[in-house]
Amino acid sequence: MKHMDDEWEKVVRKEPFAASPFTEEHKQNVLRQVAWLKSGSAQDMSDVGDMSAEQKKLPTQYRRRFRSRRAVMACTTIAAVAAAAILWNGQIVEPVIETVYPTAALQYTDDAGMNLLTDKMKRNVAVTMRDYLGKQLRITKVQDLPVSGRVSVEAGKEGDAEYALIWLDAATGNLREVQMRREMAANELEHRYLRQIPSLLEGIKSDPTLKPISARRYVKMKQGQEKPVWFTTLFLENSRGSGSIEWTRDEAVSVSGSVSSDTVSQDLITEARMSIEALSGEPAPDLKNIIFEQNGKTIEDTTDLYFGDRYLVSRIGGMFSDKYTVMDFQREIPDLETREEYELYFEKLLNMKESVIRQNAAPVIKQIFKIDLDLYKLERDPNTPGMVTFRSAETEVYHTFKVRYEEDARITMITIDANANL
């Protein structure tokens, strides 16, 4: 049976909100706020404060009537502001109810453990999700953990993109630990991040018109910390390139974006072409894209040069690092059907003869880096099949080679790390 819209819903769908999607979630938010306003809490708030001197001069009956009118006007104003905030651009911008009464927006399943939550616990959970994750997820499970003196609150499912796990002190209701994550559309990201985009991209000589596509957020708080820390990554793209920006709290710590070849050393581009030719044995395809990253966390600058549809040359330089990588990123990994087949495949990689790996890797390293691989000792890691490390026995040589190879012994990646032994 088709739902018939109420009159207020029909009004909402008209101008100036006609271009904004009005979903069932938006409707329920409006209804929750109206219910809260009718409960009397809003009227109590409107009566807070002393009467003006002019009001005090009025007879008692007029003062009552004045307060009643004032309460109605206050409720009407709050409701109008709340509705506008909820519906503007079809999203919840800053619902009034979540600001003044955050627990009213909490959503629960019918889990029996919900009665373990005190009012303080509910408020801490609501405020933590609202202020740090930017969204209140539906609570799915609450558990008492008597051994540790905690109550755990789980929202969403562990394997989902949106998930929260919050531990509270059972006695005080205070936060103990937090793990939360979510993915969001670009228009859901707070304006304080979005307004930084052009200047941050211009700072690395990238295209300031790159458009936000999507974002991810991760929030964590360890035992002993006073407040959660949140990490936000925004992905950018347009027809000419791509990029990303990472924030820790509200500070941008990493910025990357497509740059013009004019901003990059021409010697680096020439070296990159020669490296690809040495790795593939064929002429290097055309240079398609250059992405530059400035990372304040690691104090590193990275330049990635993409040639054709399969080759990448990457140079990382900084105070504590100096790496150069050439790789075929379209490596051919076999599409196997059974676990046994994959086990045999990885076993073959692990047991690849050292002489075969050297025979294929040595000429490439000699051609690119002018270094003789015979002076280096091969090291294997059983946890990384298809990857080996060549390390010099000479203590004064502070670099190593990492080499990736395929089932047929074809070399698909070589990295030289000039600070590996530091």
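Only this structure's heavy atoms are used, side chains among them; waters, hydrogens and symmetry mates stay out.
- Ring geometry, Y218 versus F231: the interplanar angle falls under 30°, so the pair is classed parallel (tilted spans 30 to 60°).
- In terms of the salt bridge (charged side-chain N to carboxylate O under 4.0 Å, His left out) criterion, R380 has no residue partners (sequence neighbours excluded).
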Discussion item. Between I414 and Y324, is the side chain to side chain contact (heavy atoms under 4.5 Å, CB included) condition met? List the steps.
Written reply: CA-CA 8 Å; I414 296 175; Y324 184 90; over 6 Å; no
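- The shortest heavy-atom contact between L137 and A155 is CB-CB, 3.7 Å.
- Taking all atoms of both residues into account, the shortest heavy-atom contact from L236 to S244 is CD1-N, 4.1 Å.
- Between the R176 side chain and the V151 main chain, no donor and acceptor come within less than 3.5 Å of each other.
- The side chain to side chain contact (heavy atoms under 4.5 Å, CB included) test applied to T303 returns V264, L268, I290, F292, L305, not counting sequence neighbours.
- Minimum heavy-atom separation, S258 to S206: O-OG, 2.7 Å.
- When every heavy atom of G386 is checked against every heavy atom of L349, the shortest pair comes out as N-CB, 3.7 Å.
- The side-chain contact (heavy atoms from CB on, under 4.5 Å) test with K323 is passed by exactly one of I416, T302, I316: I316.
- Counting only distance, with no hydrogens or angles, the side chain of N295 and the backbone of K297 share a donor-acceptor pair below 3.5 Å.
- Judged as a salt bridge (Lys or Arg N to Asp or Glu O under 4.0 Å), not a single pair has a partner in residues 220-233 (not counting sequence neighbours).
- A salt bridge (charged side-chain N to carboxylate O under 4.0 Å, His left out) with E188 is found for one member of K135, R217, R182 and no other, namely R182.
- Side-chain N/O atoms of R404 and T412 include a donor and acceptor closer than 3.5 Å.
- Within the 4.5 Å cutoff, side-chain heavy atoms of M184 are placed close to those of L189.
- A salt bridge links R315 with E271: the distance from a Lys NZ or Arg NE/NH1/NH2 to an Asp or Glu carboxylate oxygen falls below 4.0 Å.
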Discussion item. Go through it in stages, so that I can follow the logic: the residues are S314 and T325, the test is side-chain hydrogen bond (donor to acceptor under 3.5 Å, both in side chains), and I'd like the CA-CA distance, side-chain angles, deciding distance and then a yes or no.
Written reply: CA-CA 5 Å; S314 177; T325 298; 5.5 Å; no
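- Listed by first and then second residue, the salt bridge (Lys or Arg N to Asp or Glu O under 4.0 Å) pairs that reach into residues 197-212 are D207-R240, sequence neighbours excluded.
- Taking 4.5 Å as the limit, every side-chain heavy atom of W230 sits out of range of all side-chain heavy atoms of L133.
- Counting heavy atoms from C-beta outward, L210 and I197 have side chains that stay 4.5 Å or more apart.
- Judged by distance alone, with hydrogens and angles left aside, the side-chain atoms of R358 form a donor-acceptor pair with the main-chain N or O of L373 at under 3.5 Å.
- The salt bridge (charged side-chain N to carboxylate O under 4.0 Å, His left out) test applied to E407 returns K348, not counting sequence neighbours.
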Practice prompt. Test Y376 against I365 for side chain to side chain contact (heavy atoms under 4.5 Å, CB included), laying out the working first.
Written response: CA-CA 12 Å; Y376 288 73; I365 291 175; over 6 Å; no
Fill in: Q330 and D328: CA distance, side-chain angles, deciding distance, side chain to side chain contact (heavy atoms under 4.5 Å, CB included) verdict
CA-CA 6 Å; Q330 292 287 0; D328 177 354; 3.8 Å; yes
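- Distance alone, capped at 3.5 Å, places no donor-acceptor pair between the D286 side chain and the K288 backbone.
- Under a cut-off of 6.0 angstrom, the local environment of CZ in R249 is sparse, with at most 12 non-hydrogen atoms contributed by other residues, nucleotides or ligands.
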Contacts under 3.5 angstrom, residues 140-147 side chains, donor-acceptor by atom type, not counting sequence neighbours:
{"from": "T140", "atom 1": "OG1", "to": "E154", "atom 2": "O", "distance (Å)": "3.1"}
{"from": "T140", "atom 1": "OG1", "to": "G156", "atom 2": "O", "distance (Å)": "3.2"}

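- Using a distance-only test at 3.5 Å, with no hydrogens or angles considered, no donor-acceptor pair links the side chain of T128 to the main chain of V125.
- In the displayed structure, D309 atom CG is contacted under 6.0 Å by at most 12 heavy atoms of other residues, nucleotides or ligands.
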